[in-house]
There are 2 protein chains.
Amino acid sequence: MRKTGDLKLIQELNQSIILDIIRKSGPISRSDIAKKTKLSPTTVASAVNDLINDGMVMDGEAGQSSGGRRPILVNFVPDSKYIIGVSITNTNIMIANLNLDAEVKEKKQFPIELYGQNDLVDFTAATIESYIQGLSDIENCIGISIIVPGIVDAVRGLIRFNSKLQLHDVKLRDIIQEKTGIKTWLDNDANAIALAEKQFGDYRDRDNIIYIQLGEGVGSGIVLNNNLFRGRNGGAGEFGHISINRSGTKCDCGNLGCLENYVSWPAIYSKVLTAITRGKRTMIMELANHDVRKIDQRIFFSALQENDPLAKSIADETASYFATGLVTLVHLFNPEIILIGWDTLYGNTEFVSFIREEVKKYTFDLFTDDLEIELTTLGEDYQLMGAAAIALQDIFDFSI
Amino acid sequence: MRKTGDLKLIQELNQSIILDIIRKSGPISRSDIAKKTKLSPTTVASAVNDLINDGMVMDGEAGQSSGGRRPILVNFVPDSKYIIGVSITNTNIMIANLNLDAEVKEKKQFPIELYGQNDLVDFTAATIESYIQGLSDIENCIGISIIVPGIVDAVRGLIRFNSKLQLHDVKLRDIIQEKTGIKTWLDNDANAIALAEKQFGDYRDRDNIIYIQLGEGVGSGIVLNNNLFRGRNGGAGEFGHISINRSGTKCDCGNLGCLENYVSWPAIYSKVLTAITRGKRTMIMELANHDVRKIDQRIFFSALQENDPLAKSIADETASYFATGLVTLVHLFNPEIILIGWDTLYGNTEFVSFIREEVKKYTFDLFTDDLEIELTTLGEDYQLMGAAAIALQDIFDFSI
DNA sequence: GAAAGTTAGTAAAGTCAGTGGAGAAAGTAA
DNA sequence: TTACTTTCTCCACTGACTTTACTAACTTTC
C-alpha cells in the first residue's frame with residue numbers, strides 16, 4: 001500500500017527540502033530559504049531550529065545587509081555525522097569514515113587473501129567489526145554502506161552473483177547489520193559511483209547520467225531523474241554483456257560477441273600478447289623489462305602516450321568497439337551525459353574526443369546534439385564516495 | 001524548486017490513493033478502504049464524499065455482512081468523465097471518446113491525404129475541432145490526448161522528428177490546446193501503448209514493463225516503476241536503432257546494422273522478393289495472385305501458418321535477429337516482462353516460444369529466471385487506449 | 001425472539017503543521 | 001535623528017487528520 005499523508009509527512013518533506021537547500025546552497029539565511037521554497041518564514045525558522053537541534057546545521061556568521069537587518073547565515077555541518085563506507089573489490093577491502101559531504105576522514109585497506117563464499121563474508125564482517133571497535137563516536141554513525149562488483153539486489157541486500165569472488169546469493173547486508181547492530185546498505189559498485197557522480201561530481205546538475213566503468217570488466221550505473229535505476233532485481237546496466245558482434249565468440253554470460261570481450265583490459269592484454277607473439281615490435285616490451293607477465297594497464301598507457309604504434313592501433317580499435325556499445329546505450333536511454341571511468345585512460349582527452357566523434361557519427365543527430373561524453377570527475381576515493389552516496393541518498397532523498 | 005508540503009497536499013495525496021483503490025479494487029466499503037490505507041474511517045468517509053460530489057465515484061449496493069452492519073459498497077464511475085483520444089499514424093488519424101477505464105465509446109477514422117508539416121497540423125486541428133463540435137457534454141471532457149509515431153518530447157509537447165510524415169519540431173500540443181481551449185497531451189505511440197499495458201493489460205501488476213512494437217519500424221516503450229521512461233528529451237527506447245551487426249549496412253539514423261533493418265516488415269518483404277527473384281518457389285506468390293505488389297503482412301502470415309518453407313525460414317531468421325536485440329535490452333534494463341505487439345504475428349505463440357528460447361540461450365541466467373516474454377494483451381483499440389493512458393496517468397498518478 | 005456482540009458509518013472534540021499579521025531586532029539612507 | 005528596509009519571532013488562526021463517543025444495522029446466542 002502506498003504511504004498516506006499526515007502532518008508528520010508535511011513536516012518531514014519540508015524539512016528535507018530545507019536541509020537540501022542548506023547543503024547545496026548554504027550558507028544561506030532563513031529568509032532566503034523562505035523565498036526559494038515559498039514556505040512561510042515561520043515554517044522555515046521552525047524547521048531550521050529542529051535541524052540545529054539535530055546538529056545537522058548551525059547558525060553561522062551574519063551576512064551582508066541589503067538595506068535592513070543583517071541575515072544570520074545557516075551552515076550545513078558535514079562533520080556532524082558520518083558513514084562507514086566499505087568497498088569490496090576483487091583484490092581488497094577498503095574501509096573508511098566519510099562525512100556528509102562524502103569526504104574521506106580515515107581510510108584503511110586490507111588485501112583479500114581468502115576465497116569462497118563463507119570466507120569472504122567472515123573476513124568482511126571481521127574487518128568491519130574490528131574497524132568499529134576503534135571508533136569512539138559511534139552514536140554519530142549513520143550506518144555502514146558496502147559496495148561490491150557483480151550483480152547486487154540492493155532492495156533485498158543480496159549479492160546475487162560475483163564470479164571472481166565466487167559469490168552466489170549472499171545476504172551480506174543482513175549479516176553485517178545483525179553482527180554490528182548498525183543500519184547497513186549494500187549495492188553494486190558502478191551503481192554507487194554513478195550516484196556519487198550525481199551527488200558530488202562536476203556534472204551533478206544533469207538529470208540523466210550514465211556512468212561507465214572500464215577495467216577488468218565493463219559495468220555501468222544508470223541515474224534517471226536523480227534516482228538509480230536498478231531493474232527488476234538489481235541487474236540493470238550490464239553494459240559489458242551487450243552483443244556488438246552477433247557472430248562473435250561465446251561469453252561466460254551465454255551471449256555472443258559481448259562488448260566486454262572487446263574493450264576490457266584482459267581483451268586488450270590478449271591483443272598485445274598476440275601481436276608480440278607474432279613478432280610485432282613495441283615499446284611495451286621494453287617498459288615491461290621484456291617480461292610479458294609484467295605488462296599492465298599502466299605500462300600500456302605509458303606506451304600509448306609515447307605514441308607506440310601497437311598501443312595506438314589497439315587503443316583506436318578498442319575505442320571504436322566501445323563507441324559501438326555507446327551508440328546502443330544512447331539510442332535506448334537518450335541520456336544527457338555519459339561519464340567514463342577507466343584508470344588506464346584517465347585524463348586521456350584524446351581517447352574521449354575520438355569516442356565522442358565516433359558516437360556522433362553513428363547516432364541519430366537528435367540524440368547527440370546536446371549529449372556530453374566526459375571523463376569521471378570524482379577523485380581517487382571514488383569507490384568510497386560511491387558507498388557514501390548510497391547511504392546519503394536514502395537519508396536525504398525524501399519520497400512518498 | 002521542489003514542491004513543498006501543506007494541508008492541501010495531504011488531502012490530495014490521500015484522495016488520490018483512495019480513488020486509486022476504488023478504481024482498482026472497487027466496489028469496496030469505506031471501512032475496507034480505511035483498513036487498507038490505515039487512514040481513519042473519518043478521513044476516508046470525507047474523501048469519499050468529496051469524490052462522490054465530483055461524480056467520480058458512487059455509493060452502490062450494500063455488501064455482505066460479516067457479523068455486523070452491512071457495508072455500503074462504493075463504485076468507481078468510469079463514465080463520469082471522458083478523454084478524447086487521437087492516434088495519428090503514417091496513414092490515418094483515429095479519434096475517439098474513451099471513458100476512465102479506457103473503453104472506446106465512439107470512434108472515427110480519417111485517411112491522411114496531405115503531406116508536409118503545416119498540412120498535417122492543420123488537418124489534425126480541423127479534424128479535432130470538428131469532432132468536438134459534435135460533442136454535447138464537453139464539460140465532462142478531461143482533455144485531448146494525441147499519440148504519434150516518431151520522436152516526441154512529451155514534456156515540451158513537441159514532435160521532434162517523424163520522417164514519414166515529414167515533421168520536424170512541431171509544437172502540436174500547444175497548437176491544439178490553443179485552438180480548442182482544452183487541456184492537451186502529446187506523446188509517442190509506443191510509449192503510450194506501453195503505459196496502457198501497465199494500466200489496463202493482463203500483466204499490469206509488473207513494475208518494469210518493456211513494450212515492443214514491430215511493424216513498419218521497430219519502437220519500444222519503457223515503463224519503470226510504474227512510470228514512463230522518456231530519456232532526456234523523449235528519445236529513449238529507439239530499440240530499432242541499436243546495432244546488431246557492426247559491419248552491417250548504414251541506416252538512415254547514421255548507425256550500422258540497425259535492428260530495424262533486419263526485423264521490420266520492409267526487411268522481411270525485401271527478403272521475400274529476393275528469394276522470389278532467385279526463383280524460389282513459395283505459396284506466398286499464389287496467395288498474392290502472382291503479383292509481388294500485393295504481398296503484405298497478412299499474406300506472409302498466412303503462408304507461415306500453412307508451413308510454407310520460405311516463410312518459415314525467413315520468420316526463423318527474423319526471430320533470431322530479434323532475439324539478439326532483446327538480449328541487449330534484457331542486459332541493460334533487467335525487466336520483468338517484455339510485451340510484443342506485431343500484427344503479423346499476433347497470436348502466433350510459436351514465434352514467441354522461439355524468441356523466448358533464443359533469449360534464454362544467450363542471456364545470463366539471473367536475468368531470465370523469472371523473465372516473461374509475451375504478446376500484447378490489449379485489444380484492437382490499443383492505440384486509442386494508449387492515448388487515454390497518457391492522460392489518465394497525469395490525472396490519477398499523484399506525485400510530489 | 002430478546003439480549004449481547006460485531007461491524008459500518010458519522011459527529012464532535014482534540015492535535016498539530018503551516019499561514020498570516022503584528023511586532024521586535026538590527027540594519028541602511030538621508 | 002528619522003524614516004525605511006530586511007530579518008526574524010511570537011501568537012492567534014486555519015484546516016486535515018485522529019481519537020473518542022455515538023448511532024445504525026446486522027449476526028449470534030441463549
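Per chain, numbering begins at 1; letters A, B, ... match sequence-line order.
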Consider the side chain of [X], meaning its heavy atoms from C-beta on, and name the nucleotide among [options] that approaches it most closely.
X: A/Ser31; options: D/dT18, C/dA17, D/dT7; value: D/dT7
X: A/Pro41; options: C/dG18, D/dT9, C/dA8; value: D/dT9
X: B/Leu39; options: D/dT18, D/dC10, D/dT23; value: D/dT18
X: A/Thr42; options: D/dC8, D/dC26, C/dG20; value: C/dG20
X: A/Ser40; options: D/dT6, C/dG9, C/dG18; value: C/dG18

Under a 4.0 Å N-O cut-off, is there an ion pair linking [X] with [Y]?
X: A/Arg230; Y: A/Asp187; result: yes
X: A/Arg156; Y: A/Asp153; result: yes
X: A/Asp59; Y: A/Arg30; result: yes

Euclidean distance, atom [atom1] of residue [X] to atom [atom2] of [N] [Å, nearest integer]:
X: A/Ile72; N: C/dG27; atom1: CD1; atom2: C1'; result: 12 Å
X: B/Leu9; N: C/dT19; atom1: CG; atom2: P; result: 12 Å
X: B/Asn49; N: C/dA8; atom1: CG; atom2: P; result: 17 Å
X: B/Asp50; N: D/dG15; atom1: CG; atom2: P; result: 14 Å
X: A/Asp6; N: C/dA17; atom1: CG; atom2: P; result: 9 Å
X: B/Arg70; N: D/dA25; atom1: CZ; atom2: P; result: 12 Å
X: B/Ile18; N: D/dA16; atom1: CD1; atom2: P; result: 13 Å
X: B/Glu61; N: C/dA8; atom1: CD; atom2: P; result: 17 Å

Using the closest heavy atom to pick a nucleotide of DNA chain D for each, name whichever of B/Ser65 or B/Arg69 lands nearer the 5' end.
-> B/Arg69
Of B/Leu7 and B/Ser66, the one whose closest nucleotide on DNA chain D sits nearer the 5' end is B/Leu7
Scan B/Ser46 against the nucleic acid and name what it touches under 4.0 Å (heavy atoms): base, sugar-phosphate only, or nothing.
-> nothing
Verify whether one side chain among B/Asp79 and B/Asn99 offers a donor that lies under 3.5 Å from an acceptor in the other.
-> yes
Could you label the plane-to-plane angle of the B/Phe396 and B/Phe76 rings as parallel, tilted or perpendicular, counting under 30° as parallel and over 60° as perpendicular?
-> perpendicular
OP1 or OP2 of [N] less than 4.0 angstrom from a side-chain nitrogen or oxygen of [X], does that happen here?
X: A/Arg30; N: D/dT9; answer: yes
X: B/Lys35; N: C/dA8; answer: yes
X: B/Asn14; N: D/dC17; answer: yes

Given that B/Gly68 and B/Leu73 both sit by DNA chain C, which one's nearest nucleotide is further toward the 5' end?
-> B/Gly68
